[in-house]
Protein chains: 2
Amino acid sequence: MKVDVIVFECREGSLLQTEAVVTQKKQKVKEQFHLFLTKKRLKATLQRNLILDAFVDLDRPTHMDELYLVLRSKHSHIGHATVYRALRLFAAAGIAREFSLGDGLTRYELAGHGKRHDYLVCSDCGTVTEFDNSSIEQRQLAVARSMGFTVEALKIELRGVCSRCLTQSG
Amino acid sequence: MKVDVIVFECREGSLLQTEAVVTQKKQKVKEQFHLFLTKKRLKATLQRNLILDAFVDLDRPTHMDELYLVLRSKHSHIGHATVYRALRLFAAAGIAREFSLGDGLTRYELAGHGKRHDYLVCSDCGTVTEFDNSSIEQRQLAVARSMGFTVEALKIELRGVCSRCLTQSG
DNA sequence: AAATACAATGACATCCACTTTCATCAAAAA
DNA sequence: TTTTTGATGAAAGTGGATGTCATTGTATTT
């Protein structure tokens with residue numbers, strides 16, 4: 001199954017980000033990446049910069065194929081494998097978070113966006129909506145701890161019909 | 001990545017099930033399946049019965065490959081495709097629930113076990129532990145509804161280190 | 001009970017997301 | 001500049017899941 005995924009920002013204020021704030025965030029991420037490259041004695045290549053730019057500019061969870069298409073539209077010389085490798089590298093550098101929604105695609109989102117891990121997945125249009133709810137998370141952590149489990153990552157996934165699809169069909 | 005997954009039952013009482021109760025549950029599932037087959041004018045074959053037996057006997061979340069190996073050890077004539085098709089059929093019949101933990105495998109568990117969807121996944125040994133916590137779920141449903149989302153399914157996934165791996169390593 | 005209809009099987013091929021290979025290329029070091 | 005060594009990308013390979021199709025098996029009809 002292939003699904004176009006559009007993510008609507010649900011965190012307060014995120015739609016009000018100014019151009020300046022975005023640019024600043026982007027700069028910070030790029031610095032963090034280059035620091036990582038230097039530390040690991042890896043190389044800062046044209047492709048890695050292009051992919052990181054595209055990834056940061058998108059500013060929403062994405063996957064290889066989407067990013068590849070965006071990049072190909074401007075730079076026809078970038079290959080699949082390079083995009084895959086770059087995304088894994090971003091994850092290793094801690095600037096991206098890798099996750100999955102069970103549809104067979106490996107998704108990536110910018111880390112440090114907050115600790116996002118709550119998804120509403122519309123089974124009709126495939127749209128992925130993110131939300132945060134710390135009270136739920138705290139409760140989950142408490143349950144896990146009571147079972148002797150040390151939690152590293154946490155994901156909530158709700159599948160259903162989003163309000164848009166509901167009004168369109170009914 | 002390939003991981004052996006063992007599921008420990010965490011619902012109270014489930015370890016105390018008597019042989020008689022298990023047999024009764026199994027009979028009920030098989031009846032439900034055959035009712036489904038009749039309604040849809042599908043056929044009750046030897047293979048489907050064998051696969052359903054193995055699936056119910058396992059009595060924990062599993063995936064095609066594991067079930068295939070169990071079956072092959074006793075009945076060397078069953079093919080991959082048949083197991084895949086049977087599991088999908090079980091899901092369609094409502095006796096199995098299909099889910100994914102992001103490792104590329106499609107997992108199935110007996111439905112009507114309750115509404116299980118909360119998993120603790122150990123990143124060390126790969127063990128999947130299930131738990132239920134209805135207060136968390138109710139909170140999640142409330143959040144989703146407040147966003148105009150009609151929830152059909154819900155999944156919580158915690159990744160971390162289980163108590164056993166923790167004591168073994170440190 | 002025999003014939004008929006048609007779903008199911010299983011070996012094999014195919015698909016798709018992802019990874020690896022390897023010859024070539026380019027960035028950082030010497 | 002030259003050397004070293006990691007990076008690239010086209011193509012091949014993986015592995016889980018699914019499609020194909022001739023054959024087999026089941027259930028229904030006659």
Side-chain angles (χ1 to χ4, degrees), chain A residues 1-5 30 33-52 54 61-69 71-72 74-93 96 98-108 126, chain B residues 1-5 33-52 54 61-69 71-72 75-93 96 98-108 126:
Chain A
M1 179 186 53
K2 263 197 176 173
V3 167
D4 287 322
V5 172
K30 291 177 88 168
F33 183 52
H34 282 96
L35 199 73
F36 173 82
L37 291 180
T38 311
K39 253 195 284 188
K40 295 268 180 178
R41 313 220 162 229
L42 303 175
K43 290 171 183 174
T45 63
L46 174 65
Q47 287 89 337
R48 284 176 178 172
N49 282 320
L50 288 174
I51 296 167
L52 182 53
T62 187
H63 48 87
M64 192 295 280
D65 199 51
E66 184 179 42
L67 215 52
Y68 177 71
L69 289 175
L71 286 159
R72 280 301 268 233
K74 293 173 191 165
H75 319 278
S76 57
H77 48 83
I78 287 182
H80 300 263
T82 305
V83 180
Y84 276 118
R85 286 189 279 232
L87 285 172
R88 272 194 298 169
L89 198 62
F90 298 165
E98 190 182 308
F99 68 103
S100 156
L101 292 175
D103 59 359
L105 300 184
T106 306
R107 294 167 191 280
Y108 293 86
Chain B
M1 179 186 53
K2 260 198 177 173
V3 167
D4 287 321
V5 172
F33 183 53
H34 283 96
L35 199 72
F36 172 82
L37 292 179
T38 311
K39 254 195 281 186
K40 295 268 181 177
R41 310 219 162 232
L42 303 175
K43 288 170 185 175
T45 65
L46 174 66
Q47 288 89 335
R48 284 176 178 171
N49 282 321
L50 289 174
I51 296 167
L52 183 53
T62 188
H63 48 88
M64 192 297 280
D65 199 51
E66 183 179 44
L67 215 51
Y68 177 72
L69 289 175
L71 286 159
R72 282 298 270 232
H75 318 278
S76 57
H77 47 82
I78 287 181
H80 299 261
T82 305
V83 180
Y84 275 116
R85 286 187 281 230
L87 285 172
R88 272 194 298 170
L89 198 62
F90 297 165
E98 191 182 307
F99 69 103
S100 157
L101 292 176
D103 59 358
L105 300 184
T106 306
R107 293 167 192 281
Y108 293 85

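Each chain gets a letter, A, B and so on, in the order the sequences are listed, and its residues count up from 1.
For the pair Asp103(B) CG and dT19(C) P, the interatomic distance rounds to 13 Å; values are reported in whole Å. Look at CG on Leu37(B): it is 18 Å from P on dG25(D), rounded to the nearest Å. Per the geometry, NE2 belonging to His77(B) stands 17 Å off C1' belonging to dT23(D), to the nearest Å. Rounded to whole angstrom, the span from the CG atom of Leu89(B) across to the P atom of dA7(C) amounts to 13 Å. In this structure, Asn49(B) places its CG atom 13 Å from P of dA8(C), rounding to the nearest Å. For the pair Glu66(A) CD and dC18(C) P, the computed distance is 13 Å after rounding to whole Å. One atom, CG of Leu87(A), and another, P of dT19(C), lie 10 Å apart when rounded to the nearest Å. Remark: P of dA10(D) and CD1 of Ile78(A) are 11 Å apart, rounded to the nearest angstrom.
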In sequence, state the C-alpha distance, the side-chain angles, and the governing distance for Glu66(A) and Val83(A), and then conclude on side-chain contact (heavy atoms from CB on, under 4.5 Å).
-> CA-CA 10 Å; Glu66(A) 184 179 42; Val83(A) 180; over 6 Å; no
Let me see the working for Leu89(B) and Leu42(B) under side-chain contact (heavy atoms from CB on, under 4.5 Å), right down to the final yes or no.
-> CA-CA 10 Å; Leu89(B) 198 62; Leu42(B) 303 175; 3.9 Å; yes
Using the side-chain contact (heavy atoms from CB on, under 4.5 Å) rule, take Leu50(A) and Lys74(A) through it: C-alpha gap first, then chi angles, then the decisive distance, then the call.
-> CA-CA 10 Å; Leu50(A) 288 174; Lys74(A) 293 173 191 165; over 6 Å; no
Candidate pair Leu105(B) and Asp65(B), rule side-chain contact (heavy atoms from CB on, under 4.5 Å), full reasoning = CA-CA 9 Å; Leu105(B) 300 184; Asp65(B) 199 51; over 6 Å; no
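Between Arg48(A) and Leu37(A), the closest side-chain pair of non-hydrogen atoms falls below 4.5 Å. Asn49(A) is listed as a side-chain neighbour of His34(A), based on a closest heavy-atom distance under 4.5 Å. Between Arg88(A) and Tyr108(A), the closest side-chain pair of non-hydrogen atoms falls below 4.5 Å.
The residue among Thr45(B) and Gly79(A) whose nearest nucleotide of DNA chain D is located toward the 5' end is Gly79(A).
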N/O to N/O distances under 3.5 Å, protein versus nucleotides 17-21 of chain D:
| residue | atom | partner | partner atom | Å |
| --- | --- | --- | --- | --- |
| dA17(D) | OP1 | Thr106(B) | N | 2.4 |
| dA17(D) | OP1 | Thr106(B) | OG1 | 2.8 |
| dA17(D) | OP2 | Tyr84(B) | OH | 2.9 |
| dT20(D) | O4 | Arg85(B) | NH1 | 3.4 |

Sort me out a list of protein N/O and nucleotides 3-6 of chain D N/O pairs below 3.5 Å, or just none if empty.
| residue | atom | partner | partner atom | Å |
| --- | --- | --- | --- | --- |
| dT5(D) | O2 | Lys43(A) | NZ | 2.7 |

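Within the structure, every side-chain polar atom (N or O) of Gln47(B) is placed at least 4.0 Å from both OP1 and OP2 of dT24(D). Distances shorter than 4.0 Å separate some side-chain N or O of Thr82(B) from OP1 or OP2 on dG10(C).
Within the 4.0 angstrom heavy-atom criterion, no nucleotide atom of any strand lies near Leu46(A).
Of the candidates Phe33(A), Phe36(A), Tyr84(A), Phe90(A) forms a ring-ring contact (aromatic ring centres under 6.0 Å, His included) with just one, namely Phe33(A).
Applying the salt bridge (charged side-chain N to carboxylate O under 4.0 Å, His left out) criterion to Lys30(A), with sequence neighbours excluded, gives Asp53(A).
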